[in-house]
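Just so we're clear, the structure is a prediction, and the values are computed from it rather than from any experiment.
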Amino acid sequence: MTNNETSALRPLLNKIYPAGGVLTAVCWLFTLIWGFELKTLLGFLVGYGYMCLCYEYLARVCERAVRLDKKRGGRAVTACYMIRFAGLFALCAAGMLTGYLNFAGILLPQFFPKIILTVMQFTKGRTK
């Protein structure tokens, strides 16, 4: 995909990112019940950033994969998942080993796109 092309998934990503940011902020605010910790805030910020980065990467890979034959497209998507989960594992391990990042704050935002897409599917047609 070149810079001049508009991603077909861009409108969907533009809905996921703000909603994911809101959900991340709500979850972080919920953690304030137990008191403010900088590592929790950093964990949620890194988790949200990583979620956005992963979905940008996934969108690009999917758009390329549909132009490839079935075998090569499948390998491209599989490699994408392996890279994304390896990165998530590395971030969580770094957070736990260093103590600078709350690993739960990194993990939670990774579930938000699926939740957002499910809600969008159920409310499709009602929110126009």
Side-chain angles (χ1 to χ4, degrees):
M1 185 169 74
T2 64
N3 290 337
N4 295 336
E5 289 183 46
T6 303
S7 168
L9 296 172
R10 179 60 45 204
L12 184 61
L13 293 175
N14 287 341
K15 291 178 183 177
I16 290 174
Y17 295 155
V22 169
L23 289 173
T24 301
V26 167
C27 285
W28 176 72
L29 289 172
F30 183 74
T31 66
L32 292 177
I33 292 171
W34 295 279
F36 175 81
E37 287 189 33
L38 183 59
K39 74 177 190 173
T40 304
L41 175 61
L42 291 175
F44 276 103
L45 289 174
V46 168
Y48 174 71
Y50 190 70
M51 182 267 302
C52 292
L53 180 72
C54 283
Y55 274 81
E56 275 299 318
Y57 177 49
L58 179 63
R60 290 175 189 269
V61 169
C62 288
E63 286 184 344
R64 266 184 291 160
V66 296
R67 295 186 198 115
L68 301 172
D69 61 83
K70 184 177 179 179
K71 191 173 186 177
R72 288 179 63 203
R75 277 189 290 202
V77 173
T78 300
C80 173
Y81 275 101
M82 290 173 59
I83 291 167
R84 289 175 50 220
F85 283 108
L88 182 61
F89 178 79
L91 274 176
C92 288
M96 286 190 292
L97 294 174
T98 63
Y100 294 129
L101 300 171
N102 181 319
F103 80 96
I106 296 170
L107 285 177
L108 277 176
Q110 309 314 310
F111 295 108
F112 297 156
K114 182 71 171 176
I115 294 167
I116 293 163
L117 290 172
T118 302
V119 169
M120 286 171 57
Q121 183 66 31
F122 283 120
T123 60
K124 188 178 179 181
R126 295 185 206 153
T127 58
K128 287 187 177 182

Q: Side chain of Glu37, backbone of Thr31: donor and acceptor closer than 3.5 Å?
A: no
Q: Do Leu29 and Leu45 share a hydrophobic cluster, counting only Ile, Leu, Val, Met, Phe, Trp and Tyr and linking them when any side-chain heavy atoms are less than 4.5 Å apart?
A: yes
Q: Is the ring pair Trp34/Phe30 parallel, tilted or perpendicular, if the boundaries are 30 and 60 degrees?
A: perpendicular
Q: Which heavy-atom pair separates Gly20 from Met51 by the least distance, and what is that distance?
A: CA-CE, 4.2 Å
Q: If you round to the nearest 0.5 Å, how far is CG of Leu23 from CD1 of Ile16?
A: 11.5 Å
Q: Enter the distance from Phe44:CZ to Leu107:CG here, rounded to the nearest 0.5 Å.
A: 10.0 Å
Q: Would you say the side-chain atoms of Tyr50 pair up with the backbone N or O of Leu88, donor to acceptor, closer than 3.5 Å?
A: yes
Q: Can you give me the closest heavy-atom contact between Pro18 and Tyr48, atom names plus distance?
A: N-OH, 4.4 Å
Q: How long is the straight-line distance from NZ of Lys114 back to CD of Gln110, given to the nearest 0.5 Å?
A: 14.5 Å
Q: Give a yes or no on whether Val22 and Tyr55 share a hydrophobic cluster (residues Ile, Leu, Val, Met, Phe, Trp, Tyr; joining criterion: side-chain heavy atoms under 4.5 Å apart).
A: no
Q: Just verifying a value: how many Å separate Met82 CE and Arg75 CZ, rounded to the nearest 0.5 Å?
A: 13.0 Å
Q: Answer yes or no: are there more than 12 heavy-atom neighbours, outside Tyr100 itself, under 6.0 Å from its atom OH?
A: no
Q: For a quick test of reading the model, state the closest non-hydrogen atom pair linking Val61 to Ala76 and the distance between them.
A: CG1-O, 3.6 Å
Q: Enter the distance from Leu38:CG to Asn102:CG here, rounded to the nearest 0.5 Å.
A: 11.0 Å
Q: Using the rule that Ile, Leu, Val, Met, Phe, Trp and Tyr join whenever any side-chain heavy atoms are under 4.5 Å apart, tell me whether Tyr81 and Phe112 fall into a single cluster.
A: yes
Q: Does the side chain of Lys15 reach to within under 4.5 Å of the side chain of Ile116, using non-hydrogen atoms?
A: no
Q: Look up atom OG1 in Thr40 and atom CG in Leu32, then write down how far apart they are to the nearest 0.5 Å.
A: 8.5 Å
Q: For Phe103, I'd like to know if atom CZ has over 12 heavy atoms of other residues, nucleotides or ligands within 6.0 Å.
A: no
Q: Taking the side chain as every heavy atom from C-beta outward, state whether Arg10 and Glu56 have any atom pair closer than 4.5 Å.
A: yes
Q: Can you see which heavy atom on Leu12 is nearest to which on Leu117, and at what distance?
A: CD1-CD2, 3.6 Å
Q: Is there side-chain contact between Leu41 and Phe36, with heavy atoms separated by less than 4.5 Å?
A: yes
Q: Search all heavy atoms of Cys54 against all heavy atoms of Arg84 and return the closest pair with its distance.
A: CB-NE, 3.5 Å
Q: Would you name the heavy atoms of Ala59 and Leu13 that are closest together and state the gap between them?
A: CB-CD1, 3.8 Å
Q: Report whether Ile115 and Ile106 are members of the same hydrophobic cluster (ILVMFWY, side-chain heavy atoms less than 4.5 Å apart, transitive linking).
A: yes
Q: Examine Leu108 and Phe85 and state if one hydrophobic cluster contains both, with Ile, Leu, Val, Met, Phe, Trp and Tyr joined whenever side-chain heavy atoms are less than 4.5 Å apart.
A: yes
